[in-house]
Amino acid sequence: MTRIARVGDDAALLPSLALALSDPDVVEIVVQPGRYVEHVVIAPRAAPLMIRSATGDARDVTISFGLRQGDRDLTGMEFVQDCATLTVDADDVTLESLTIENSFDKRANPELPNVQALALRTRGDRFTANRCRFLGQQDTVLLDAPSYAAVRHAHLRDCEIEGDVDFVYGRATALIEGGVVRSVGRGYIAAPSTARENPRGFLFWNVDVVGDLEPGSVRLGRPWHPGGKPDAIGQALFAHCRLGAHISPEPWEEMGGFAWQDARFAEFGNSGPGAGGGPDRPHLDAAPDRASWLEGWTPAPVSPDPRIVVVSDSTASEYELDRAPRTGWAQRLAAHTGRDVRNLAVSGASTRSFIEIGALDEALELLRPGDLLLVGFGHNDPKPDDRFSDVFTEFEANLRRYLVGARARGARPVLLTPVERRLFDGERARSTHGGYPQRVRDLACVERVPLIDLTVATRAEWQECGPEASKRMFLWLEPGAWPGYPAGAQDDTHLSMEGADLVAGLVAAGLRSEGLIG
């Protein structure tokens, strides 16, 4: 039976939204007219949730609180984004005909630092707001994601959003369609921090952009790079919008030392007195595809025959016959999976260098919904050259870029720990990758990504082979035995044909155990 909770100022009703949310079985909350002073978090829930005004008029129901980012939580630390009046961490939440307000007034408190005060923060997926009002000043609406590896979608239809500085911001993929965006002071409307590998950030479509302010005093946006994060290449597009005279003829501006020209800012088909301007004002040649902007809202069905795209290093990459018997495990993967395998592994690559040479972009362009992206690095990230990725910080941050890029295209990422090198201490196989494999395991757990632990699996194989027989799995070659190696080789990193076939079998078994292939 559908459980409906009713909130209002009556003994027969629940007195607060938070109390209604405490019942995990409630799927609809109907709020009677009134002003509710609450700091509300919608935690993850098992089923979709609708919260709506009983009257269908957003002006009748206001959820209000007045925290700012500089206020202190119970630990004495600043709230930052947790100051939002309403935080939505659950998926599939719909708000209808509600007003969400942060009542903190920075103009009445000019001496205070950190005057950002959020009305709404979303971190769940498939968030919808219909005919709602979001009121505040600085940082009114944060359309967010729980991490830079996550892709979250938000759809705001016929809403009113009010603020002055950066008052629609964040890294979600969002369609703000119809309604009104109202500036109440000089400043900036959008401050997107879209992950570079996500092709869709904010699209403002058919919005009335208004403000009773002096002409040219408001800009459409600026690029937000949280913490100076260089790969937050924000996207904000304004299409078929009506721009008031308060919009500057130079509508974009730098932020924190990052040039707006490096962001993804553009307009198409706008009208009104604020739509004119100088020559340095990017316009698209064609309208953005509004219909597909929220692609991924409905996850792609699991393909019965997914393609496999491999991004990795020399242990996986392709080798010509003149390099035989050197073989990358991805060369043998099709034989073990029966799938179409696109091997884009690059010899010598680290997570960092693979991105810098444009190989990740190439892989992402290749991906289709339902494909598998196998991501396996760690051999070259520790090397003290231009490939180095620090194990504590950069390595994990780089890997998140692969994850978000795959997810934004409806593909499924899979993380692989690096193939263990051949290293024996007496009769015992030892580890050679330091903390890098564990960082991959930790990331897979946090981001809920399938993991194939090749480090553990291959070390067990080398141990079973023993110090001598394990040489067959690598390039231990006698002089003159192979044309490409006249002097022979003693290589404990790169795989022989036999070794590559074994590792490919381990990868295929891992994919099957995760239910990713049949």
Side-chain angles (χ1 to χ4, degrees), residues 147-151 195 197-198 296 299-313 315-317 328-346 349-351 354-355 359-360 362-379 381 395-420 433 436-458 500 502-518:
S147 80
Y148 264 90
V151 177
E197 285 71 30
N198 186 348
V302 175
S303 170
D305 187 24
R307 295 188 312 169
I308 299 173
V309 178
V310 178
V311 293
S312 186
D313 51 36
T315 61
S317 58
W329 60 258
Q331 290 182 263
R332 299 291 304 143
L333 192 58
H336 284 270
T337 61
R339 299 294 188 270
D340 179 4
V341 175
R342 308 297 177 92
N343 185 9
L344 300 185
V346 174
S350 68
T351 56
F354 197 89
I355 292 170
L360 177 57
E362 179 184 350
L364 296 179
E365 285 297 317
L366 187 63
L367 287 178
R368 302 181 309 202
D371 285 350
L372 302 177
L373 179 70
L374 275 55
V375 182
F377 292 96
H379 273 87
D381 290 86
F395 182 61
E396 182 177 317
N398 289 344
L399 287 173
R400 290 184 191 276
R401 298 179 64 175
Y402 295 76
L403 302 186
V404 73
R407 286 168 162 171
R409 290 159 178 81
R412 289 172 293 165
V414 181
L415 287 170
L416 286 67
T417 57
V419 174
E420 192 62 270
H433 294 302
Y436 287 86
Q438 189 55 45
R439 292 298 275 169
V440 178
R441 297 180 193 114
D442 292 343
L443 182 63
C445 181
V446 169
E447 294 294 343
R448 300 182 181 180
V449 176
L451 171 72
I452 299 175
D453 199 335
L454 285 182
T455 304
V456 167
T458 53
L502 183 149
V503 175
L506 295 173
V507 174
L511 293 173
R512 290 191 176 95
S513 70
E514 292 286 345
L516 298 171
I517 62 172

Quick check against the 3.5 Å criterion: does [X] have a side-chain atom that pairs as donor or acceptor with the backbone of [Y]?
X	Y	value
Arg407	Pro413	no
Asn343	Ala316	yes
Arg401	Ala397	no
Tyr402	Thr351	yes
Ser312	Gly376	yes
Ser317	Val346	no
His433	Val419	yes

Point-to-point distance, once rounded to the nearest 0.5 Å, from [atom1] of [X] to [atom2] of [Y]:
X	Y	atom1	atom2	answer
His336	Leu502	NE2	CG	8.0 Å
Leu511	Leu372	CG	CG	6.5 Å
Ile308	Leu333	CD1	CG	5.0 Å
Asn198	Tyr148	CG	OH	10.5 Å
Arg339	Asp371	CZ	CG	11.5 Å
Leu415	Asp442	CG	CG	11.0 Å

Minimum-distance pair of heavy atoms, taken over all atoms of [X] and [Y]:
X	Y	value
Thr315	Asp313	OG1-OD1, 2.7 Å
Leu360	Glu197	CD2-CG, 3.9 Å
Ala408	Val151	N-CG2, 3.7 Å
Val309	Ala363	CG1-CB, 4.4 Å
Ser147	Glu447	OG-OE2, 2.6 Å

Discussion item. So, applying side chain to side chain contact (heavy atoms under 4.5 Å, CB included) with Val507, which one of Leu454, Val310, Val414 is it?
Written reply: Leu454
Discussion item. Using the rule given for side-chain contact (heavy atoms from CB on, under 4.5 Å), can you reason through Leu416 versus Val440, listing the C-alpha separation, both sets of side-chain angles and the distance that settles it, and then say yes or no?
Written reply: CA-CA 7 Å; Leu416 286 67; Val440 178; over 6 Å; no
Worksheet entry | Salt-bridge contact Arg412-Glu514 (side-chain N to carboxylate O under 4.0 Å) | no
